[in-house]
Amino acid sequence: MGDVLAGFHAAWEFESDSVLIRYERGIRTPKLFQALGERRVPLEAVEGVTLTPGRRGTVVLRMEPRPGADPLMEAAAGQLKESSDPYRLVLPAERETLAEYYADELRSALTESGPAERHLVDAPKPPLSFKAYDGKASFDGSAVSFRWFWTGASSAKWKAGDQRFPVGELSGVEWRSPEVFEGHLRLLRRNAGASPAQPDQDPAAVVFGLGYGPVHESLPFAAAVLAAVRTCEPVPVGIAPQARRDPADIAERIRHLGELHQAGLVTDEEFASKKAELLAEL
């Protein structure tokens, strides 16, 4: 094909084996689209195309990705609002005939359906990071790190200390949208047993809150981690070297640990043990 169909917030460029989606930047464009920039969707990642009436004199052209073909949609697990669906192209109603033409062209080019055996759409590229309510999450492509905030992290997370999870130790990612109650990002670990029921008590999770972990930051992050997990060979838990920490950071954590101890939230034994662990990281 090779043509371009421009709609509200995005333009689709049709190629022989893929559709290149370029998202606009602007105040009215969903932040997730702006964060994604552009995406190339191979036709083998698509199993259907629909054209339906939209709101206020528009029509909506949508590609239906195959289950498991796109790490972003897999991580989202159906939680995205319709307006933030990256596979929707909204057009003025007067362009319905043109949209129908491209819908038919796409349908005729599709040959695959059903779950994909691997990710076919590229995930956002690391390094990526975002601020959750109780800590900062960072991903460098090989490991996920959580650094707790003293203003938000639970005593259970402070006792556990900052965390680092090589992707080879992970089996998946659980993302719950920050736009719903108890939104969070939880890392699913191999052979780690049952995780604490509440993510605010789980050192392998960060919790969202108003203004913390927004969709356009936390969902691409989750998708990038999920894609890395799918392509990484499992490794035994606990063999990855730990990075040495800033002495000032260690001092601050020992100070806060002392506050928890004085408040009765940490026992004498726990305080002594955790303090020794922190000092050993210098």
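Using a 4.5 Å heavy-atom threshold, the side chains of Pro178 and Ser218 count as touching. Looking at heavy atoms from C-beta onward, Ser18 lies out of side-chain contact with Val41 at the 4.5 angstrom threshold. Considering only heavy atoms from C-beta on, Leu226 comes within 4.5 Å of His119 through its side chain. For the pair Ser177 and Lys81, the minimum side-chain heavy-atom distance is 4.5 Å or more. Residues Arg66 and Ser113 have side chains not in contact (no heavy-atom distance under 4.5 Å, counting atoms from C-beta outward). Counting heavy atoms from C-beta on, the side chains of Leu80 and Leu219 come closer than 4.5 Å. Looking only at side-chain heavy atoms (C-beta outward), Leu61 and Val90 stay at 4.5 Å or farther from each other. Side-chain atoms of Phe208 and Leu185, non-hydrogen and from C-beta on, do get closer than 4.5 Å to each other.
Rounded to the nearest 0.5 angstrom, Ser129 OG and Phe139 CZ are separated by 12.0 Å. Note that CZ of Phe221 and OG of Ser138 are 6.5 Å apart. Values are rounded to the nearest 0.5 Å. Put simply, CE on Met63 and CG on Asp70 are 10.0 Å apart, with the number rounded to the nearest 0.5 Å. Rounding to the nearest 0.5 angstrom, the gap separating the CD atom in Gln201 from the NZ atom in Lys159 is 9.0 Å. Rounded to the nearest 0.5 angstrom, Ser84 OG and Gln79 CD are separated by 12.5 Å. Of the inter-residue distances, the one linking Lys157 atom NZ with Arg147 atom CZ reads 15.0 Å to the nearest 0.5 angstrom.
No donor-acceptor pair under 3.5 Å is formed between the side chain of Trp148 and the backbone N or O of Asp134. With hydrogens and angles disregarded, a donor-acceptor distance shorter than 3.5 Å links the side chain of Gln163 to the backbone of Ala160. Listed for the His216 side chain is no donor-acceptor partner under 3.5 Å among the backbone atoms of Pro214. Under a 3.5 Å cut-off, the side chain of Lys136 and the backbone N or O of Ser145 do not form any donor-acceptor pair. Judged by distance alone, the side chain of Ser108 and the main-chain N or O of Glu105 form a donor-acceptor pair under 3.5 Å.
Residues Val121 and Leu106 are members of one and the same hydrophobic cluster, defined by side-chain heavy-atom contacts under 4.5 angstrom among Ile, Leu, Val, Met, Phe, Trp and Tyr. In the hydrophobic clustering of ILVMFWY residues, with side-chain heavy atoms under 4.5 Å counting as a link, Phe8 and Val60 come out together. When hydrophobic clusters are built by joining Ile, Leu, Val, Met, Phe, Trp and Tyr residues whose side-chain heavy atoms come closer than 4.5 Å, directly or via intermediates, Leu20 is not grouped with Leu120. Under the 4.5 Å side-chain heavy-atom criterion for grouping Ile, Leu, Val, Met, Phe, Trp and Tyr, Phe165 is connected to Leu128 within one hydrophobic cluster. A single hydrophobic cluster is seen to contain both Val19 and Tyr101, as judged by linkage of ILVMFWY side chains at heavy-atom distances under 4.5 Å, directly or through other members.
In terms of heavy-atom proximity, Leu43 sits nearest to Ser16 at CD1-O, 3.7 Å. Residues Ala205 and Pro199 come closest through the heavy atom pair CB-O, 3.8 Å. Contact between Ala10 and Tyr23 at its shortest, heavy atoms only, is CB-CD2, 3.8 Å. Closest approach of Glu47 to Gly114, counting heavy atoms only: OE1-N, 2.9 Å. Nearest approach of Ala228 to Gly141, heavy atoms of both residues: CB-O, 4.3 Å. The two residues Ala224 and Pro124 make their nearest non-hydrogen contact at CB-O, 3.3 Å.
Asp85 is linked by a salt bridge (Lys or Arg N to Asp or Glu O under 4.0 Å) to Arg62, counting only residues two or more places apart in sequence or in another chain. For Thr29, the side-chain contact (heavy atoms from CB on, under 4.5 Å) partners two or more places apart in sequence, or in a different chain, are His9, Glu24, Phe33, Gln34.
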Check your understanding: Given the rule in the side chain to side chain contact (heavy atoms under 4.5 Å, CB included) test, do Leu188 and Leu170 qualify, once you have shown the distances and angles that lead to the verdict?
Key -> CA-CA 6 Å; Leu188 307 179; Leu170 306 176; over 6 Å; no
Practice item. Check the pair Leu89 / Leu91 against side chain to side chain contact (heavy atoms under 4.5 Å, CB included), numbers first and verdict last. Key: CA-CA 6 Å; Leu89 181 65; Leu91 301 144; 4.2 Å; yes
Practice item. Would you check, one step at a time, whether the test side chain to side chain contact (heavy atoms under 4.5 Å, CB included) holds for Glu169 with Arg190? Key: CA-CA 6 Å; Glu169 295 181 3; Arg190 302 180 190 273; 5.9 Å; no
Practice item. I would like to know whether Arg95 and Leu5 meet side chain to side chain contact (heavy atoms under 4.5 Å, CB included); could you show each step before the answer? Key: CA-CA 10 Å; Arg95 306 191 73 186; Leu5 182 61; 3.9 Å; yes
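For the pairing with His184, the side chain to side chain donor-acceptor pair (under 3.5 Å) check across Gln198, Glu174, Arg176 returns one residue only, Glu174.
Under the 4.0 Å criterion applied to side-chain N and carboxylate O atoms, Glu100 and Arg107 are assigned as salt-bridge partners. At a threshold of 4.0 Å, the pair Arg230-Glu74 counts as salt-bridged, since one of the basic side-chain nitrogens sits closer than that to a carboxylate oxygen. The pair Arg88-Glu82 meets the salt-bridge criterion, since a charged nitrogen lies less than 4.0 angstrom from a carboxylate oxygen. Between Asp122 and Arg39, no side-chain nitrogen of the basic residue sits less than 4.0 Å from a carboxylate oxygen of the acidic one, so the salt-bridge criterion is not met. A salt bridge between Glu38 and Arg22 is present, with a side-chain N of the basic residue lying under 4.0 Å from a carboxylate O of the acidic one. The existence of a salt bridge linking Glu217 and Lys131 is excluded, since no basic side-chain nitrogen approaches an acidic carboxylate oxygen closer than 4.0 Å.
Taking the six-membered ring where the residue is Trp, Phe14 and Tyr102 present parallel rings, their angle staying beneath 30° rather than reaching 60°.
Sparse packing is recorded around OH of Tyr212, with 12 or fewer heavy atoms of other residues, nucleotides or ligands lying under 6.0 Å away. Atom CD of Glu94 sits in a crowded spot, with more than 12 heavy atoms from other residues, nucleotides or ligands closer than 6.0 Å.
Identified under the ring pair (Phe, Tyr, Trp, His ring centres under 6.0 Å) test for residues 78-100, with sequence neighbours left out: none.
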